[in-house]
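Any value given below was found using the heavy atoms of this structure, including those in side chains, with hydrogens, waters and symmetry copies removed.
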Amino acid sequence: ASANLGGAGGDGGDGRSVAIENTGSIRTGVAFPLIKTGSFSPAIVAQSIGGGGGLGGNASTEVSNESTNDSDDDQYVFTLVTSIGGTGGKGGSGQSVRINTAHPVLSTQGRFSPAIVGQSVGGGGGMGGSSSAVSQTNADRSTIIQALMTIGGSGGDGGDGGPVEITLQKPINGPELNAIHTANSFSAGVVGQSIGGGGGYAGSSFSSNQSTTQAGKSINVNLTGGIRVGSLSFPGIPSLLAGNQGGEGGSGGSVTVNGQGLIVTEGYGSQGLLIQSIGGSGGFGGSVTSNSEITGSDADTDISIENIYQIYKDISNGDYEDAVDLILEGIRNNGFVSMSLGGNGGDGGSGGSIVINSLPNTSFSIATNANHAHGILAQSIGGGGGNGGVSISNADVSSASSFFLGADVASGGDGGNGGNGAKASIGTNRNPLQGQITTNGIGSPAVLVQSIGGAGGFGAAALSNAQGFVGASMALGGRSSR
């Protein structure tokens with residue numbers, strides 16, 4: 001007997017709250033006649049970022065047995081192997097981010113240089129550890145009983161993004177309106193984002209079970225993947241055994257912008273206001289592979305073929321106890337059960353609410369002057385569900401027995417559900433957004449507001465390969481989710 005358990009990954013730490021109060025002018029980069037310097041140089045950046053979850057430890061076991069029975073007495077050779085990958089750690093959460101600025105001027109010259117960036121980001125979940133078990137037994141004049149269980153570790157859940165609030169106040173001393181100007185590509189005026197971390201991928205599972213006997217019997221039992229029914233674990237089964245599942249994506253938090261003033265962008269893909277709350281995607285379910293091989297000759301058979309018909313009659317007449325006795329005798333004679341269950345994909349996280357308002361008795365003036373540069377782009381987006389894990393089960397049986405029972409089952413994992421988008425609003429009935437928005441490029445809507453649900457994950461394929469004396473073979477593909 002051998003058992004191997006991978007260690008669980010540690011959880012990521014949470015970010016802390018971040019707050020910025022600004023009343024001064026800030027300029028980054030220099031505009032020379034032929035080139036502008038200062039790429040990747042925002043004027044104000046505030047971020048709270050959760051740490052990623054740790055990886056689950058791998059578990060691997062390999063066992064080999066040799067046995068010879070010189071007597072006429074029954075002899076049993078047992079091999080029991082368990083290998084379970086460690087669970088991935090949870091991602092840490094981002095906390096609140098608040099920016100309050102009453103600047104006269106914020107200006108950037110380089111590429112990828114927004115004027116204001118406020119972000120709260122959840123850490124990604126750790127990947128589950130993989131598991132593998134290999135057993136090989138050769139025995140003469142003996143009954144071989146081998147049982148293998150391999151379960152990949154589940155992926156850790158992603159951390160949530162926290163709330164983000166950005167306020168653009170009138171300058172305390174100076175001009176009546178504050179001004180934001182970005183001169184290059186991919187440099188939005190204001191970026192506010194809350195992003196949930198993605199769920200960790202589940203670990204893969206592999207088992208290989210081989211038995212060879214002369215004048216004896218073989219019984220192989222394989223379980224590869226988590227113990228579950230559909231997308232649920234069996235009640236009462238420890239979560240340790242319900243592995244191979246992708247982690248759930250973290251949710252995005254609320255994002256709020258209150259302000260006024262002049263915002264001008266000059267570059268490609270440079271929105272005036274880019275406000276987003278995005279749920280993390282679900283992790284993929286673990287893939288599984290199971291191999292079972294039995295080779296036997298001159299097996300003692302004390303059950304005639306007529307007993308197969310007797311099993312049918314017993315079940316038809318309700319004599320289940322007698323039928324079970326005959327079935328177990330058939331398995332004891334030479335038999336195997338191989339089951340491979342691909343892990344389910346994790347659910348995507350939900351997007352948070354979006355709110356954009358102008359301050360009382362003030363207005364925005366937003367202008368973008370290049371292609372694909374929205375005046376306002378506001379989005380709440382749910383994360384996509386993870387895909388289910390692929391399942392492959394192989395069985396190869398060669399036996400001289402006249403009565404043999406075996407089952408080879410492969411089931412692909414279900415896809416995870418997509419996360420929901422949340423409410424996104426610009427202004428209110430009592431306080432509609434005040435101002436003027438101008439865009440001058442191709443593919444540059446003045447205002448684009450979206451709430452988008454995440455796509456469901458794909459159900460995974462299942463493949464059952466069986467040859468020789470195999471009683472039943474079944475492959476069930478996983479279900480795609482909404």
Novice: Say you draw a straight line from OG of S154 to CE of M127; how long is it, rounded to the nearest 0.5 Å?
Specialist: 13.0 Å
Novice: Check whether the side chains of S17 and S96 place a donor and an acceptor atom closer than 3.5 Å, and report yes or no.
Specialist: yes
Novice: With I356 as reference, evaluate T256, I166, I426 under the side-chain contact (heavy atoms from CB on, under 4.5 Å) test and give the passing residue.
Specialist: I426
Novice: Between S277 and V255, which heavy-atom pair has the shortest distance, and what is it?
Specialist: CB-CG2, 4.2 Å
Novice: To check you understand the geometry: which heavy-atom pair defines the closest contact between G352 and S380, and what is its length?
Specialist: O-OG, 2.7 Å
Novice: Mind checking the CD-CG spacing from E248 to D347? Nearest 0.5 Å is all I need.
Specialist: 5.0 Å
Novice: Do D11 side-chain atoms and K90 backbone N/O form a donor-acceptor pair below 3.5 Å?
Specialist: yes
Novice: The criterion is side-chain contact (heavy atoms from CB on, under 4.5 Å); which residues satisfy it with T61, sequence neighbours excluded?
Specialist: S2, N4, V63, V81, S83
Novice: Any side-chain to backbone donor/acceptor pair from N371 onto I442? Under 3.5 Å, distance only.
Specialist: yes
Novice: Taking the inter-plane angle between the rings of F284 and Y201 on a 0 to 90° scale, is it parallel (under 30°), tilted (30 to 60°) or perpendicular (over 60°)?
Specialist: parallel
Novice: Only counting residues at least two apart or in another chain, list the ones meeting side-chain hydrogen bond (donor to acceptor under 3.5 Å, both in side chains) with S135.
Specialist: Q146
Novice: May I ask you to decide if Q95's main-chain N or O and S120's side chain share a donor-acceptor pair within less than 3.5 Å?
Specialist: yes
Novice: Got a donor-acceptor contact below 3.5 angstrom from the D414 side chain to the N344 backbone?
Specialist: no
Novice: For the CZ atom of F206 and the OG1 atom of T289, what is their distance to the nearest 0.5 Å?
Specialist: 7.0 Å
Novice: Using side-chain hydrogen bond (donor to acceptor under 3.5 Å, both in side chains) as the criterion, list what pairs up with Q379, not counting sequence neighbours.
Specialist: Q276, Q450
Novice: Using side-chain contact (heavy atoms from CB on, under 4.5 Å) as the criterion, point out the one residue from P114, S187, S113 that pairs with S270.
Specialist: S187
Novice: State whether the side chain of S444 and the backbone N or O of H372 hold a donor-acceptor pair below 3.5 Å, judged by distance alone.
Specialist: yes
